[in-house]
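All residue numbers refer to positions in the sequence shown, counting from 1.
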Amino acid sequence: MALTPEQIDRLVTGLDDDPFATLGVHPAGKAFTACLFMPEAVSVTAQTLDGKAVGDLAQVHGDGLFLGPVAIRKRQPLRYLVTFGDGGSYAMIDPYGFGPVLGPMDDHYLAEGSHGRLFDKLGAHVMTHEGVGGTHFAVWAPNARRVSVVGDFNRWDGRRGLMRRRADAGLWEIFLPEVGAGSAYKFEIIGADGVRLPLKADPYAFQSELRPSTASIVAAPLDHKWGDDRHRDYWRTTDARRQPVSIYEVHAGSWQLDDQGEFLSWDELANRLIPYVVGMGFTHIEFLPISEYPYDPSWGYQTLGLYAPTARLGDPAGFARFVDGAHRAGVGVILDWVPAHFPTDEHGLAHFDGTALYEHADPRKGFHPDWNTAIYNFGRREVSQFLVNNALFWAERYHVDGLRVDAVASMLYLDYSRQPGEWVPNDHGGRENVEAVAFLQQMNKALYGAHPGVMTIAEESTSWPGVSKPVHTGGLGFGFKWNMGFMHDTLRYLQRDPVHRAHHHDDITFGLLYAFTENFVLAISHDEVVHGKASLLHKMPGDDAQKFATLRAYYGFMWGYPGKKLLFMGQEFAQRGEWSEERALDWDLLDHAPHLGIQKLIADLNHLYRSRPALHERDCEPEGFEWVLVDGAADSIFAWQRRAPGVRPIVIISHFTPMLRHGYRMRLPSGGRWREILNSDAADYGGGGAGNMGQVQADEEGWANITIPPFATLMLELDY
């Protein structure tokens, strides 16, 4: 085979988009020739893979292009012994002697939008291919003129890692023999306009370098031996709506730090966090995003490595061990997931192949004004598959129990945070993002279909109908929705001076008008204790004792209110300062009785919530709730009962004034003895100890005289 000047020029300049047509072994009549590009080489000897010399290649271009006949009987990969001008030598197996790994059905399913195993095909996969060990690289870049994979293994020289183009679907792939786990790599892409782009990290990378470095890492195959069958089988066969779900929201990098003030590893975090969560009685840990992200103050919400657990806490296998350990202890793991937008760092997805590939080209649809980020093009099949596959990936590869989907409202509305003229209506002239709706429905159907034990939770702050209704009924298909109204209304009420609360009783009662329109999670999240909003303790008015008492009453109120529970770390012991990702929580506060009392209260509330079906089995259904006292505005008292079929009902009484009310007349749901199973004013919690000596007696009609402490919540359980 002879090379034309044009072919030579394309090879030495790295512009050849069909390198397999020239590099490697090719027939020449009845014989074969071999072609290799190796900059700075002065001689090349070709060998078979078992070490037999089959020919010396001649240099046909001074930049390192070699060509010559080889004495072989069939086309096969060769090993080259390369000598450089300084006398050094290097042996390598020719990557251009191997056939493709991807097949035509991969092209078809990707183009069709139905590929459910993209994470098995794209990215970097250590494998044995045609009898040789190495790594297969594949990336989607349909508008690129050429793509190379570069790394230490080829001196980051894009001319040496030219990939095979699969024109039908815009995929590029290459198998690099002898490249193994731990190798850093990126993609060097030349756009359709001939411009070489900044090196790009792999969108499907399973591991990444620790920031500020930005390369992807060839991850070792995850060979963790899971021992969580019991945990997963339980959630697969139960209805999460009727189970106790109490979530501890955690920023993995700042819950605690090591003795040097550095991040804990996944194993260190497991040794500390999992026993703590078990002891506190939470059912789930929800991590702020742990997918790789470049900027610490984004808390992970500006993620660029959706398939890679952040390197801040160690390697991917460490995260698998954490999840397995949590499951063995009976604790679920939920991840914050961010499909709404992505940052525009040059090594990321933005203009990935020189065009608006993952994002919309029109900034009215593709740019997010709140976060200065790009918005995914949900209407592009390959992009929606990228995201749907990612949801499936975390459930399958790491056994996560759920995804809390961030910023759903920003996805649903085309005019979100935009002024008139700054957004493009849909085809019907409306503001609804029908492409995002279709994506969310597709994601939920795929995830629940493949992993029935997993839950999805929407952070959706508007009144969009049917967020947690099934897709086949027109809903978005989420399992749950954050109840943002509960958080806003109750905190607004509590931040008022107690003397004014009587005039704002409906701040509390209004929420029960819609409490069962969705499957709600009552979320007091990280967003409520940052950026000048103060910690929960310091949202409460009054002196220190009143702040603690009101917070205890609020927690009792929340755990008795219908809906699943979520509390951000540090608030379970009344962290005084706002949360910051730069430092650990103030654990030394637990040396002080009021903080220790709050922590004990949360543990007891979780125990009651989990052990009393009346408090959780009908969290999402109206028959589980009934007002006992709805017109107690003058006294700032609220009372209701929680119930479930075949179990003892529980009455919750919450009081938000500083008055101690002796003999408060109230009609309970039935006569008899009601045991006081919780009193947030108990001395054990740091309260004043006022109460009912453990029980309340109601007459035949249910009337009872009850002692209601100041700023307190009581729970009374009917004692048959």
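In this structure, the separation between CZ on R155 and CE on M38 is 8.0 Å, given to the nearest 0.5 Å. To the nearest 0.5 Å, atom CG of residue L197 and atom CD1 of residue I190 are 8.5 Å apart. Of the inter-residue distances, the one linking N389 atom CG with L110 atom CG reads 9.5 Å to the nearest 0.5 angstrom. Note that CE of M163 is 8.0 Å distant from OG of S148, once rounded to the nearest 0.5 Å. Remark: E292 CD to T214 OG1 distance equals 10.0 Å, nearest 0.5 Å. From L313, atom CG reaches atom CG of L210 across 10.0 Å, with rounding to the nearest 0.5 Å.
Sorted by first then second residue, the salt bridge (charged side-chain N to carboxylate O under 4.0 Å, His left out) pairs that include residues 15-28, not counting sequence neighbours, number zero. Note on residues 78-105: pairs passing salt bridge (charged side-chain N to carboxylate O under 4.0 Å, His left out), not counting sequence neighbours, are R79-E178. Residue pairs that meet the side-chain hydrogen bond (donor to acceptor under 3.5 Å, both in side chains) test with at least one member in residues 336-345, sequence neighbours left out, are Y301-D336, D336-R404, W337-N390, H341-T373.
Proximity of I334 to I285: side-chain heavy atoms (C-beta onward) are nowhere separated by under 4.5 Å. Looking at W394 and V454, their side chains never come closer than 4.5 Å, going by heavy atoms from C-beta outward. Taking the side chain as every heavy atom from C-beta outward, I274 and R328 never approach each other to under 4.5 Å. Side-chain contact between V44 and L81: absent, with no pair of heavy atoms (C-beta onward) separated by less than 4.5 Å. Side-chain contact between P203 and L349: present, with at least one pair of heavy atoms (C-beta onward) separated by less than 4.5 Å. Under the 4.5 Å side-chain criterion, counting only non-hydrogen atoms from C-beta, R166 is in contact with L102. You'll find the side chain of L269 reaches within 4.5 Å of the side chain of W255, heavy atoms only. Under the 4.5 Å side-chain criterion, counting only non-hydrogen atoms from C-beta, L162 is in contact with R146.
Residues forming a side chain to side chain contact (heavy atoms under 4.5 Å, CB included) with D50 (at least two apart in sequence, or on another chain): T48, K52. Under the rule for a side-chain hydrogen bond (donor to acceptor under 3.5 Å, both in side chains), the partners of N143 that lie at least two apart in sequence or sit in another chain are D353, T355. In this view, T4 and E6, Q7 satisfy the side chain to side chain contact (heavy atoms under 4.5 Å, CB included) rule, not counting sequence neighbours. Residues passing the side-chain hydrogen bond (donor to acceptor under 3.5 Å, both in side chains) test with W156, sequence neighbours excluded: D152. Considering only residues two or more places apart in sequence or on other chains, S43 meets the side chain to side chain contact (heavy atoms under 4.5 Å, CB included) condition with T83. Qualifying side-chain hydrogen bond (donor to acceptor under 3.5 Å, both in side chains) partners for H251, counting only residues two or more places apart in sequence or in other chains: S254. Under the side chain to side chain contact (heavy atoms under 4.5 Å, CB included) criterion, N444 pairs with Y448, T456, F478, sequence neighbours left out.
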Problem - Full working for side-chain hydrogen bond (donor to acceptor under 3.5 Å, both in side chains) between H399 and D324 - result: CA-CA 8 Å; H399 291 197; D324 195 16; over 6 Å; no

Exercise for the section: For the pair R75 and F32, evaluate side chain to side chain contact (heavy atoms under 4.5 Å, CB included) and give the outcome as yes or no after the intermediate values. Expected result: CA-CA 7 Å; R75 194 170 184 177; F32 292 90; 3.9 Å; yes

Handout entry: side chain to side chain contact (heavy atoms under 4.5 Å, CB included) between E396 and H451, intermediate numbers included
Key = CA-CA 8 Å; E396 177 178 317; H451 302 281; 3.9 Å; yes

Practice task
Let me see the working for L3 and C35 under side chain to side chain contact (heavy atoms under 4.5 Å, CB included), right down to the final yes or no.
Solution key: CA-CA 10 Å; L3 299 178; C35 183; 3.9 Å; yes

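Of all the heavy atoms in W266 and G314, the pair that sits closest is CD1-N, 4.3 Å. Minimum heavy-atom separation, I174 to P95: CD1-CB, 4.3 Å. When all heavy atoms of F352 and G348 are compared, the pair lying nearest together is CD1-O, 3.6 Å. When all heavy atoms are compared, the tightest approach of G97 to P77 is O-CG, 3.4 Å. The minimum heavy-atom distance linking Y398 with W226 is given by the pair O-CH2, 3.4 Å. Contact detail for G300 and P289: the closest heavy-atom pair is O-CB, 3.1 Å.
Relative orientation of the F119 and F393 rings is perpendicular, given thresholds of 30° and 60° on the angle between their planes. Under the 30°/60° scheme for interplanar angles, the aromatic rings of F319 and F322 are found to lie parallel. Using cut-offs of 30° and 60° on the angle between ring planes, the pair F439 and F378 is parallel.
In the model, D401 has a side-chain atom that pairs as donor or acceptor with a side-chain atom of H327 under 3.5 Å. At a cut-off of 3.5 Å, with distance as the only test, a side-chain donor of D106 or H115 sits close to an acceptor on the other residue. A donor-acceptor contact under 3.5 angstrom links the side chains of D202 and Y185, judged on distance only. Side-chain N/O atoms of R211 and S213 include no donor and acceptor closer than 3.5 Å. There is a side-chain donor-acceptor pair under 3.5 Å between H351 and E359. A donor-acceptor pair shorter than 3.5 Å cannot be found between the side chains of R380 and H360.
Note that R164 lies outside the cation-pi zone of F98, set by a 6.0 Å cut-off to the ring centre and a 45° limit from the axis. Remark: R160 is not positioned above the aromatic ring of Y96, lacking an NZ or CZ atom under 6.0 angstrom from the ring centre and at most 45 degrees off the axis. Taking the ring centre of F206 as origin, the terminal cationic atom of R397 falls inside the region bounded by 6.0 Å and 45° from the ring axis.
At least one donor-acceptor pair under 3.5 Å links the side chain of K200 to the backbone N or O of E346. Judged purely by atom type and a 3.5 angstrom limit, Q76 uses its side chain to pair as donor or acceptor with the backbone of K74. Judged by distance alone, the side chain of N154 and the main-chain N or O of V149 form a donor-acceptor pair under 3.5 Å. In this structure a side-chain-to-backbone donor-acceptor pair under 3.5 Å is missing from E581 to D296. Panel note: side chain D228, backbone H231; no donor-acceptor pair is recorded below 3.5 Å.
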Report, one line per pair, each donor and acceptor closer than 3.5 Å where one atom sits in a side chain of residues 59-71; sequence neighbours left out.
{"unit_1": "Q59", "atom_1": "NE2", "unit_2": "H61", "atom_2": "O", "d": "3.3"}
{"unit_1": "H61", "atom_1": "ND1", "unit_2": "D63", "atom_2": "N", "d": "3.0"}

Donor-acceptor pairs under 3.5 angstrom involving side-chain atoms of residues 134-142: please list them, not counting sequence neighbours.
{"unit_1": "T135", "atom_1": "OG1", "unit_2": "V179", "atom_2": "O", "d": "2.6"}
{"unit_1": "H136", "atom_1": "NE2", "unit_2": "E173", "atom_2": "OE1", "d": "2.6"}
{"unit_1": "W140", "atom_1": "NE1", "unit_2": "A169", "atom_2": "O", "d": "3.3"}

